[in-house]
Structure formats: C-alpha cells, structure tokens
Amino acid sequence: GNSVTQMEGPVTLSEEAFLTINCTYTATGYPSLFWYVQYPGEGLQLLLKATKADDKGSNKGFEATYRKETTSFHLEKGSVQVSDSAVYFCALSETSGTYKYIFGTGTRLKVLA
Amino acid sequence: EAGVVQSPRYKIIEKKQPVAFWCNPISGHNTLYWYRQNLGQGPELLIRYENEEAVDDSQLPKDRFSAERLKGVDSTLKIQPAELGDSAVYLCASSLVLTDTQYFGPGTRLTVL
C-alpha cells in the first residue's frame, strides 16, 4: 500500500541555520504531495504542495520539489527562525479518486535563539 | 473566511462514558473528513463524507464509533463507550469536492481516564 516515511526528530537548529527534513513516499501512480505544519496546541496548516513531477511548492521561505525518480519531497528552508519551531508532516493524496491522505509520522523542529 | 471550526477543544472523560465532537467545515466545502491523531503520530482517516454520504468509513471502529453529517454541512463524531486507547486528538478537515487540498480544524484533544 501507499506510505510516507519522514526523518525522525527532533531536529534542533540554531536560528538562521539551513533546514532539510527528508520525506520519501511509496505510491501507485502520481500522487499529489503536501507539507503540513502543526504548531503546539493547533491543527494542521497547509504549508505547500506539489501535484506533479518536478513541481516546486513554496511558501514562507520553505520549498520542496517533487522528485519522481527518487520518490522524494524533501522540505528545505535557507534560514530558520525560532517561530518555525513546530511539527512538520509530509503527506500524499492517493490517486484512486478518494483523495485520501497518507501522512508521515511527523518531524519535530526546534529552533534555538 | 472562517476556517474549519471544532468543539470542544479539550475533553476529559472517564472510560465507558460517551463523548461527542462537533465540526463545522469551511463554507461550500462538500467533503468532510474525520481523523484521529495519536501522540507522536500522523493523522489517520476515520471517515470521509461527500455531502451527507459516508463514502469511506472502512477505518471507523463501528462497534463504538459513529458519525453523522445531516444536511451535508456540520458533522458529529461520537464514541460510546470510550476506552483508554481512544485518548487522542480528533481532527476534522474539509475540502472542495474532487480536489486534493484539505483544510484542518484545530482538533479536539480527548483524554480518557
């Protein structure tokens, strides 16, 4: 079946450091891919998405590129801030017409001042 | 535009008691999802509605869980009786029909003692 694998956290960085959170997936067809962010005590917020190979999603300085050849969708940011501390979830939307999401387990990011 | 609204935000109950969660999706969103998020995990789909119809309830534990979406707008998820293992965050999400981007509410954190 379809699945999403994320790097385990927590990831701890100093402010202004470069961020990479790895995400790989297994799926039939060509699913849409998403990154969601969850701040403490809140629900999931859509951060960015990509719907086809080589698409780059971007938002708030975060970027991720849909790589079909490596089945990956790694999240990057050039300079993190303390306010970026949160849990980040990678997800795919199944292509069977159900639009069912499969989530990774989440990666906690802690940014220190 | 208002986002997905959920209530209550927190609920603490004794095991074997009933509990209900309410969700109001984004206006115009025909598709509604209920997810369960266990601690340290990604959300897992419980049920998906297209208007009033539950089109995917394969992962809903039907012996104790029930859901309804009367009139195709608000939805209620019920657990009766609750068990210790039901402690989790219950998330509601909505989307436009036949689109793959879901918008999440803040969730209800359930603690079963």
Side-chain angles (χ1 to χ4, degrees), chain A residues 1-11 21 23-25 27 29-52 55 57 59 66 73 75 86-109, chain B residues 1-11 21 23-26 29-50 53-60 88-111:
Chain A
N2 297 336
S3 65
V4 174
T5 302
Q6 289 182 236
M7 63 187 288
E8 290 195 18
V11 174
I21 299 178
C23 171
T24 57
Y25 67 90
Y30 302 102
S32 294
L33 301 173
F34 303 83
W35 278 101
Y36 280 83
V37 58
Q38 187 173 37
Y39 297 101
E42 298 185 14
L44 278 71
Q45 299 177 23
L46 178 64
L47 184 58
L48 53 85
K49 63 179 280 190
T51 58
K52 61 183 186 296
D55 263 4
N59 185 28
Y66 191 142
F73 193 54
L75 182 68
V87 180
Y88 292 81
F89 290 93
C90 184
L92 65 81
S93 177
E94 294 191 331
T95 58
S96 56
T98 66
Y99 303 101
K100 177 180 176 179
Y101 275 18
I102 304 296
F103 283 91
T105 54
T107 302
R108 181 176 299 278
L109 171 65
Chain B
E1 178 182 293
V4 177
V5 179
Q6 290 189 246
S7 68
R9 290 294 311 275
Y10 304 92
K11 189 74 176 179
F21 315 123
C23 172
N24 180 250
I26 292 172
H29 282 195
N30 301 83
T31 306
L32 184 145
Y33 308 78
W34 283 103
Y35 288 86
R36 177 167 58 188
Q37 185 180 17
N38 293 314
L39 187 65
Q41 300 294 315
E44 294 181 330
L45 181 69
L46 292 173
I47 189 168
R48 176 172 70 99
Y49 281 93
E50 296 286 351
E53 183 181 1
V55 296
D56 183 358
D57 62 357
S58 57
Q59 300 193 82
L60 188 72
V89 176
Y90 290 84
L91 294 165
C92 179
S94 69
S95 69
L96 291 169
V97 67
L98 299 181
T99 65
D100 61 8
T101 301
Q102 298 179 26
Y103 298 88
F104 285 79
T108 297
R109 181 176 297 276
L110 173 67
T111 301

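Throughout, a chain's letter reflects where its sequence line sits, starting with A, and its residues are numbered from 1.
B/Glu50 CD: more than 12 foreign heavy atoms inside a 6.0 Å radius. Counted within 6.0 Å of CD on A/Glu8, heavy atoms from surrounding residues, nucleotides or ligands total 12 or fewer; the atom is thus considered open. The environment of A/Tyr39 atom OH is dense: over 12 non-hydrogen atoms of other residues, nucleotides or ligands sit within 6.0 angstrom. Residue B/Phe21 places its CZ atom among more than 12 non-hydrogen atoms of other residues, nucleotides or ligands, all under 6.0 Å distant.
Heavy-atom distances place the side chain of A/Gln38, and not its backbone, under 4.5 Å from chain B. Heavy atoms closer than 4.5 Å to chain B are found in both the backbone and the side chain of A/Thr105. Residue contact with chain A, scored on non-hydrogen atoms closer than 4.5 Å, is absent for B/Ser95. Only the side chain of B/Arg9 comes within less than 4.5 Å of a heavy atom of chain A; its backbone N, CA, C and O stay farther away. Proximity to chain B (any heavy atom under 4.5 Å) is restricted, for A/Leu46, to the side chain, taken from C-beta onward. Looking at B/Gln37, only its side chain comes within 4.5 Å of chain A, counting heavy atoms on both sides.
Within the 4.5 Å cutoff, side-chain heavy atoms of A/Tyr101 are placed close to those of B/Tyr35.
No side-chain donor-acceptor contact under 3.5 Å links A/Tyr36 to the backbone of B/Phe104.
Your options are B/Ala93, B/Gly40, B/Pro43, and the one with the most heavy-atom pairs under 4.5 Å with chain A is B/Pro43. For chain A, the option among B/Asp56, B/Thr99, B/Val89, B/Val55 with the highest count of heavy-atom pairs below 4.5 Å is B/Thr99.
Summarising the geometry of A/Ser93 relative to B/Asp100, their closest heavy-atom pair is OG-CB, 3.5 Å, with the distance given to 0.1 Å.
Separation of atoms NZ (A/Lys49) and OG1 (B/Thr101) is listed at 2.5 Å; rounding is to 0.5 Å.
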